[in-house]
Amino acid sequence: MYRLTEIEPKWQQRWAEARVAEIDVTAPGRKLYMLNMFPYPSGDLHVGHGRNYILGDAVYRYFRMRGRAALNPMGWDAFGLPAENAAIKNRTHPRPWTLANIERMKKQFARWGILYDWSKEIASCEPEYYRWNQWLFLQLYKRGLAYRGTAPVNWCPQDQTVLANEQVVDGRCERCGALVEQRELSQWFFKITEYADRLDAGLDTLEHWPEKVKLMQRNWIGRSLGADVDFQVPALGKPIRVFTTRPDTIFGATFMVLAPEHPDVATLIADHPDREEIEQWITGVRNQSALERQEAGKEGRFTGKNAINPFTNEEIPIWLGNFVLPQYGTGAIMSVPAHDQRDFEFAGQYGLPIRVVIAPASGAAGFSPPNEAGGLKPAAPPLTEAFTIKDDSGVAINSGPIDNLPVPKAIERIIEIIEERGLGKGAVRYRLRDWLISRQRYWGTPIPMIYCDRCGLVPVPEEQLPVRLPLDVPFTGREGNPLSKHDAFVNVSCPQCGGGARRETDTMDTFVDSSWYFLRFVTPRDDAKIFDTELANRWLPVDQYIGGIEHAILHLLYARFITRTLHDIGLISFEEPFTRLFNQGVITKEGYKDARGSWVSPSEVQWRDDKPYRGDELLTAEVTKMSKSRLNVVPPDELIARYGADTERVYTLFIAPPEKEAAWSDEGVVGAYRFLGRVWNMFDRLQDTTSPDITRKMHQTIDAVTSRIERFEFNTAISALMELSNALGDAPSREAYETLLKLLHPFAPHITEELWSMLGNEGMVLTSQWPVADRALMQEETVVIAVQVNGKLRGQVEVPAPPDEQRVFEAVFANEKIQNWVAGKELVKKIYVPGKLVNVVVKG
RNA sequence: GCCCGGAUGGCGGAAUCGGUAGACGCAGCGGACUUAAAAUCCGCUGUCCCGUGAGGGGCGUGCCGGUUCGAGUCCGGCUCCGGGCACCA
């Protein structure tokens, strides 16, 4: 039995005392900026969280041993709603709750053997940090990138605050799950839409980001190419502009639909006989949540007015429709029911005409060509659904000047004509909307603005920052934002006229805090500026960023946006904050549910006939993400007390490829423990000489582990180390053993430090260097080559390395066994795959 | 609905280029040590068939088909599972 759990605290203490991870950012060296996404200090960490940090620490230790000047800081995303809710529940204040959690989590990091440069620690809830949030806000305000505007926004009735678009999932609050309501409110926004094109184009430069994340961002930004086209409306005396991605189908636009919110609606229906009914309907639609609006199905009202299709010159009816979104495009669409499924459904419901203007390029089955009678009658087949073709397999018909052009060409040509005739222009539209940053909550960065009755909106002067969040607020419950009841905070004098004024009581979305924190780590104590431009340009972009896929859109998009604004202000020279991104997968574990769907603690579960029971009640087992609420977390403390942190580290990295979801298995842990035990026990039997076989294996392992760490293939890196350890067997050579310890150090730092010092060496983490593989010594002396006859494996031959074609075939035809398969047949072909196998093709 | 990703033993997973499928680990079986248990160590372990045995043979990477001397890997067509977006015109 080895003393792994005893030696770990010793080394953790030594690393802390020696401040091994502290780095002078002004010192020379080849820099490397490693970063794990800073966590929300929610309390205890479980082994699922551990994966993220263990992985980062392994990479950090590896690069240190390669001699890189590596910065590996850590901090706390310390503002946010859970602290407030905990404060209400425990009748305390968010601050002590948050700080206690930070202390607890720091201890856990240390117990995992994770090395952070704590001299650079930051916490976003401290005025030394959030004053720069406020400073950043003022810079954006100056440039018109922060503005107050009235818009339909997402309101969470449970959390009593507005939410960003990105925080609404399936019509519900991402945090608490309450159904989100639409409200028309005046709020603070950041103008991220102004950067939509650059945020989209920039994705192409991110070679080392997962394709999946780039794709998610691309879809979220939602760039669409098309055209804005004006349709004259005689009743208005002016045109209504629509946006379409399919201007080639304009000859098929048989009606127009406006969002009920469209600004021209009031005028259009002013003299409508049923005006009141329509207005009631509009109010009803506007009061629906996005989810309700969609679930209601397609509904509309005819305005009684017509528009002129600029190409067919026909009068087409203008309808209102609940399926047209006010915030996208122009809030008005030209409807082409033949070629858009939504328009098709709407047309079917209200008996509106359908005209086919696209046909399959080569007569598709079931589609007879439309008639030629002026081309204005509905096309031949009664369509059962819209007929959408976006590529060369469709051609325009019934479309005058673009007839017979394939779709992509037709789009190009019709835009030219639209522009020539002054009907509109080619246009790009984005799905992305501005970032709503106001929160009606207490525990966040105060927005540094003042409302003055005489001067209007007045920014707090920079020299008055920070606007401190007052700590003496009562935490009684859900009665709105406690800040608005804090008179000393709210009542201020106007910085411009000196008269009485009111302070903004909204706080910022905490995603503002995390949108630039990676810049602060380089100079975290600088109270004169947000960061040092020269040092930031030296250390950033972050070379390796590690965190969960759940931030694929929110945090990473905001950080890319803010980084660009700082670039445009002239504070940094780069536009992308993170060069390499890695998203680790979650750890899952079986949880147990009773008949009512409540989670049951594993300690209450009894197994009978391989089925889980609680008493007589049969439970269902479900493998889900590890989380407190599902009662399926594995706390690291007990695990570490029994097997040591090194065991948890090795097991966590060995369990599965790190980007994949991985199922935790308590039995599996012992495999890692046994492996480390074998390494430990080998120490007593070291030999002085190394056999050629072991030398070869050693160099192969160095090569394999190195390349696998660089590619984040930790599971196979560890399996290579297990192979080496198995090969060392009873007679481990000292040379190979020392190499094994070095290669193992990023994964199991404590045991390797201990053994390294027992061998008489000084501090592995500080002084040892990563071994280099000697290619010549990796080579085999002889090579075993598989021999196939007609593709079937028929034997093996052994030839001296390196094998060449002639020698290999000589050996093959000298082999008696193989001759049996070839005898009496005609040789057709000889195939030689260097180093691996040969194949002889014979006939007869 | 649209867009991605995946499917390999009882389980987690290996297999840079198309070249001996199942590395490494778990679980299981057998054995050693032990009064015994734990721990540790050794051997076996995809599946079916033939053989007392050494050994030999067939099948096998979700399904169907194709390319190739050769396919887990490439191509075409499916099925199922997971994820993202979702009335975005």
Side-chain angles (χ1 to χ4, degrees), chain A residues 1 169-171 210-220 222-224 226 242-247 249 253 257 259 290 293-298 321-325 327-336 339-343 345-346 385 388 429-433 549 552-553 650-651 654-657 659-675 677-678 681 707-708 711 713 715-726 730 784-796 828-843:
Chain A
M1 195 60 211
V169 178
D170 293 337
E211 286 303 322
K212 184 181 173 181
V213 173
K214 287 192 274 185
L215 195 72
M216 281 167 71
Q217 292 218 353
R218 196 158 272 140
N219 290 341
W220 189 262
R223 182 185 149 97
S224 288
V242 302
F243 171 70
T244 177
T245 56
R246 293 296 303 272
T249 63
V257 188
R293 188 162 167 167
Q294 185 163 354
E295 281 169 355
K298 290 192 175 45
N322 65 345
F323 70 102
V324 178
L325 302 175
Q327 65 274 36
Y328 182 77
T330 61
I333 59 165
M334 62 173 213
S335 272
V336 186
H339 305 295
D340 182 286
Q341 187 58 26
R342 294 155 303 181
D343 297 347
E345 286 167 24
F346 194 79
E385 58 180 11
T388 51
R429 298 276 178 179
Y430 298 90
R431 207 193 74 112
L432 186 69
R433 282 189 263 161
I549 187 79
I553 294 171
V650 169
Y651 174 65
F654 181 68
I655 184 171
E659 70 281 5
K660 275 190 71 171
E661 190 175 277
W664 185 270
S665 140
D666 292 325
E667 297 81 51
V669 173
V670 302
Y673 184 63
R674 285 180 196 147
F675 164 58
R678 281 195 293 273
N681 291 331
S707 62
R708 287 169 187 182
R711 281 178 291 168
E713 294 168 1
N715 55 331
T716 52
I718 291 171
S719 79
L721 290 170
M722 288 174 169
E723 280 187 61
L724 176 61
S725 142
N726 291 345
D730 281 338
V784 176
I785 290 178
V787 182
Q788 295 179 345
V789 179
N790 285 352
K792 297 256 183 196
L793 190 68
R794 297 302 184 197
Q796 295 179 338
V828 177
K829 211 198 267 186
K830 296 193 290 186
I831 296 155
Y832 172 63
V833 180
K836 291 190 175 168
L837 64 72
V838 295
N839 189 16
V840 180
V841 183
V842 290
K843 204 170 69 180

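The sequence lines fix the lettering, A, B, ..., with proteins before strands; numbering per chain opens at 1. Keep in mind it's a predicted model, so treat the numbers as computed, not measured.
In the set A89(B), U16(B), U20(B), U20(B) carries the atom at the smallest distance from any side-chain atom of Val784(A). Closest to the side chain of Gln294(A), out of C69(B), C87(B), G19(B), is C87(B). The side chain of Trp220(A) has A86(B) as its nearest neighbour among C24(B), A86(B), G13(B). Nearest nucleotide to the side chain of Met722(A), out of G25(B), U20(B), C87(B): G25(B). Across G84(B), C69(B), A15(B), the shortest atom-to-atom separation from the side chain of Met216(A) is found for G84(B). Which of G83(B), C87(B), C85(B) sits closest to the side chain of Lys212(A) comes down to G83(B). In the set G13(B), A89(B), C85(B), A89(B) carries the atom at the smallest distance from any side-chain atom of Ser224(A). Taking every side-chain heavy atom of Leu215(A) into account, C3(B) is the closest of C69(B), C3(B), G12(B). Of the candidates G19(B), C26(B), A89(B), the closest approach to any side-chain atom of Glu667(A) belongs to C26(B). The side chain of Phe654(A) lies closest to C24(B) when the candidates are A27(B), G19(B), C24(B).
The same atom, P, is picked in G82(B) and in G58(B); the two are 39 Å apart, to the nearest Å. When the C1' atom is compared between A23(B) and C59(B), the two are found 22 Å apart, to the nearest whole Å. Nucleotides G22(B) and G60(B), compared at atom C1', are 11 Å apart to the nearest Å. Going from the C1' atom of U35(B) to that of A21(B) covers 47 Å, rounded to whole Å. Distance noted for atom C1' between C24(B) and G83(B): 29 Å (whole Å). Atom name C1', nucleotides G13(B) and G19(B): the rounded distance is 22 Å, in whole Å. Distance check on atom C1': C63(B) versus G72(B) gives 15 Å, rounded to whole Å. Comparing C74(B) with A7(B), their P atoms sit 11 Å apart, to the nearest whole Å.
Distance, Lys660(A) NZ to G12(B) P: 8 Å, rounded to whole Å. Remark: C1' of A38(B) and OH of Tyr673(A) are 12 Å apart, rounded to the nearest angstrom. As rounded to whole Å, 9 Å separates atom C1' of G1(B) from atom CD of Gln341(A). Atom OH of Tyr328(A) is separated from atom C1' of C85(B) by 13 Å (rounded to the nearest Å). Summarising the geometry, the separation between CZ on Arg674(A) and C1' on C41(B) is reported as 11 Å, rounded to the nearest angstrom. Taking atom CG on Asp340(A) and atom P on G1(B), their separation rounds to 16 Å, with Å as the unit. Arg223(A) places its CZ atom 13 Å from the P atom of A89(B), with the value rounded to the nearest Å. Note: CG (Asn219(A)) to C1' (A86(B)) measures 10 Å, nearest angstrom.
Close to G25(B), at under 4.0 Å from its OP1 or OP2, lies a side-chain N or O of Asn726(A). One finds a side-chain N or O of Asn715(A) lying less than 4.0 angstrom from the OP1 or OP2 phosphate oxygen of A14(B).
Counting any heavy atom pair closer than 4.0 Å across all strands shown, Arg429(A) reaches no nucleic acid atom. Backbone-only contact: Thr245(A) has heavy atoms under 4.0 Å from sugar-phosphate atoms and none from a base. If you check every strand for non-hydrogen atoms under 4.0 Å, Asp343(A) touches nothing. Within 4.0 Å (heavy atoms only), Gly331(A) reaches no atom of the nucleic acid at all. Counting non-hydrogen atoms under 4.0 angstrom, Val828(A) reaches nothing in the nucleic acid.
Secondary-structure annotation of RNA chain B gives the stems B:1-7 with B:79-85, B:10-12 with B:24-26, B:28-32 with B:40-44, B:46-50 with B:55-59, B:62-66 with B:74-78, with a stem taken as at least 3 successive Watson-Crick or G-U pairs whose two distances both fall under 3.5 Å.
Judged by distance alone, with hydrogens and angles left aside, Glu211(A) brings no side-chain donor or acceptor close enough to the base of G5(B) to form a pair under 3.5 Å. Side-chain atoms of Arg678(A) stay outside donor-acceptor range of the base of U40(B), with no qualifying N/O pair under 3.5 Å.
Judged by closest nucleotide on RNA chain B, Glu713(A) is the one of Val833(A) and Glu713(A) placed further toward the 5' end. Remark on RNA chain B: of its neighbouring residues Ile655(A) and Leu325(A), the 5'-side contact belongs to Ile655(A), judged by nearest-heavy-atom nucleotide.
When side chains are defined from C-beta on, Phe323(A) does not count as touching Glu345(A), because their heavy atoms never get closer than 4.5 Å. Side-chain contact between Ile549(A) and Glu659(A) is absent, with no heavy atoms from C-beta onward closer than 4.5 Å. The shortest side-chain heavy-atom distance between Ile831(A) and Gln788(A) does not fall under the 4.5 Å cut-off.
Regarding the sugar-base torsion, C26(B) falls in the anti class, its angle being beyond 90° of 0. An anti orientation is assigned to G84(B), its glycosidic angle lying beyond 90° of 0.
Of all heavy-atom pairs between Ile333(A) and Val242(A), the closest is C-CG1, 3.7 Å. Closest of all the heavy-atom pairs between Gln217(A) and Ala552(A) is NE2-O, 2.9 Å. Scanning all heavy atoms of the two residues, the minimum distance from Asp343(A) to Met334(A) falls at OD2-O, 3.9 Å.
In this structure, Lys298(A) forms no cation-pi arrangement with Phe346(A), as its terminal cationic atom is not both closer than 6.0 Å to the ring centre and no more than 45° off the ring axis.
Note that OG1 of Thr245(A) and CZ of Arg429(A) are 12.0 Å apart. Values are rounded to the nearest 0.5 Å. Here the OH-CG distance, from Tyr328(A) to Leu432(A), works out to 11.5 Å after rounding to the nearest 0.5 Å. Remark: Tyr832(A) OH to Asn839(A) CG distance equals 13.5 Å, nearest 0.5 Å.
In this structure, Trp664(A) and Tyr651(A) have perpendicular ring planes: the angle between them is above 60°, well past the 30° mark.
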